[in-house]
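Ligands are counted one by one from 1 in listed order, and the atoms in each one are counted from 1 as well.
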Amino acid sequence: VSQVCVTQRIFPEAIELLQAENLSHSYHESDQALDSHDLNEAIKGCEGLICLITDKVDAVLMDQAPNLKVIANVAVGYDNIDVAAASERGIVVTNTPDVLTETTADLTFALLLAAARRIPEADTYMRSGQFKEFKLYQPQIGVDVFGKTLGIVGMGRIGTAVARRGALGFGMKVLYTANSSKPEAEKELGAKQVTFEELLKESDFISINTPSTPETHHLFTLKEFEQMKRSAFLINAARGPIVKEDDLAEALESGLIQGAGIDVFEREPLIDSKLAQLKKHVVVAPHIGSASVETRRNMSLMAAQNVISALKGQCPPNALNPEIWKDV
Ligand code: DGY
């Protein structure tokens, strides 16, 4: 029986950390998630679990491993884990905040720019040999980003990093919604807290940077798209279920909004989504927000460190439910 179960391939440096601590581990070194039966089998007897967002960690799974002390998600989002069920069982859950903030904000902004300036369309045009001569009225004529209004839904770590790029890099006016006001962002970036309705009405670009929770489920439906400017863009590098995807496709098709940059989907992988058929001012990516080598390595290391701390009897640094931790 191994002490630590690693459900999918992570960076080798993280496995080396486990080895250096002499923690025995079972490692499913594959980029394919285990199905629920195999996951149930894999975790039997383990004390620490290192998992990814594609692993559903619920009460049934936890009950396969009565000695489980720590679940370390290699992600900042943890909607794949039933944290309440973990707390009831005295299991500490950890995530990987901070290390991926700037990387995810970079990708968010890349989607915004690519959608506004139609970069994928231009790329396809070039590669198919259609570029014959410069035209003033290019087929890929886009819209400006600088000086526009950027609305941030969820002004947490990543939202603030996106806002900073907009305000300081592109002279954008920043509006935001959040559970509490953010005086620092208001001072540094001139950001203004507004109601959700105001944000919908006034933004040229809306970036979703909020976690997926029952409250944010389908926060964006046709009703919200109807309130947005017809020239507006929606950028989502947070979680798919926050947007009702069919409604987004309809809003884009019917011209309720102009464009979108989408990194996350209601059903991943993206199969048969209407969204993937749309091209003009629409950019889709395969959930790559945090996907830089440096950041994915740091996330792997952070998860391993969280497990190591917990198995050494210390409350791990990134505990999401530290209140359940009892020092031993
Ligand atoms: C996260 O961290 O939540 C991402 O979705 C996966 O990197």
Side-chain angles (χ1 to χ4, degrees), residues 6-14 28 30-34 39 49-58 70-83 86 93-112 152-162 207-217 219-220 234-243 245 260-270 273 275 283-307 316-321:
V6 185
T7 63
Q8 291 180 55
R9 186 153 79 109
I10 58 174
F11 272 69
E13 292 87 343
H28 180 236
S30 160
D31 299 317
Q32 188 102 43
L34 292 165
L39 189 56
L49 177 66
I50 296 182
C51 57
L52 306 193
I53 54 167
T54 43
D55 299 313
K56 189 166 183 282
V57 185
D58 56 13
V70 55
I71 300 169
N73 217 27
V74 190
V76 68
Y78 48 89
D79 42 310
N80 58 311
I81 301 174
D82 187 340
V83 180
V93 181
T94 66
N95 68 342
T96 60
D98 302 317
V99 285
L100 47 62
T101 300
E102 301 300 334
T103 306
T104 307
D106 279 352
L107 188 276
T108 306
F109 227 87
L111 290 175
L112 189 158
I152 306 282
V153 178
M155 194 75 154
R157 290 174 290 245
I158 298 172
T160 304
V162 174
S207 173
I208 302 178
N209 297 106
T210 182
S212 179
T213 63
E215 292 76 45
T216 62
H217 183 79
L219 189 62
F220 282 83
L234 182 73
I235 313 299
N236 186 9
R239 281 291 183 269
I242 301 170
V243 177
E245 210 167 286
I262 307 291
D263 185 45
V264 287
F265 302 88
E266 277 200 271
R267 287 165 300 274
E268 294 180 15
L270 178 68
S273 165
L275 218 47
V283 181
V284 289
H287 204 140
I288 55 170
S290 62
S292 72
V293 174
E294 300 92 325
T295 290
R296 290 275 163 97
R297 178 184 295 120
N298 285 332
M299 291 163 69
S300 304
L301 286 168
M302 207 168 184
Q305 274 149 357
N306 279 314
V307 165
N318 309 108
L320 293 162
N321 53 350

of all protein heavy atoms, closest to atom 4 (C) of ligand 1 is His287 NE2, 3.7 Å
Nearest non-hydrogen protein atom, atom 7 (O) of ligand 1:
Ser290 OG, 2.7 Å
For ligand 1 and Gly77, I'd like to know whether there is a polar contact (N/O to N/O, distance under 3.5 Å).
yes
Decide if atom CZ of Phe265 counts as having more than 12 heavy atoms of other residues, nucleotides or ligands within a radius under 6.0 Å.
yes
Does atom CZ of Arg9 have more than 12 heavy-atom neighbours, drawn from other residues, nucleotides or ligands, at distances under 6.0 Å?
no
I need the contact type for Ala75 against ligand 1. Using non-hydrogen atoms and a strict under-4.0 Å cut-off, is it side chain, backbone, both or neither?
both
With a heavy-atom distance limit of 4.0 Å, tell me whether Thr96 approaches ligand 1 through its side chain, its backbone, both, or neither.
neither
Which heavy atom of the protein is the closest neighbour of atom 2 (O) of ligand 1, given with residue, atom name and distance?
Val76 N, 2.7 Å
Show the atoms of ligand 1 that are less than 4.0 angstrom away from any heavy atom in Leu100.
2 (O)
Looking at Arg239, which atoms of ligand 1 are within less than 4.0 Å of one of its heavy atoms?
1 (C), 3 (O), 4 (C), 5 (O)
No-hydrogen, no-angle side-chain donor-acceptor test under 3.5 Å, Thr213 and Glu215:
yes
Side chain to side chain donor-acceptor pair (under 3.5 Å) with Asn73: of Asn80, Asn318, Thr96, Asp55, only one passes, and it is Asn80
Is a side-chain donor or acceptor of Ser292 paired with a backbone partner of Thr295 at a separation under 3.5 angstrom?
yes
Can you tell me which residue among Leu49, Thr7, Asp82 is in a side chain to side chain contact (heavy atoms under 4.5 Å, CB included) with Val57?
Leu49
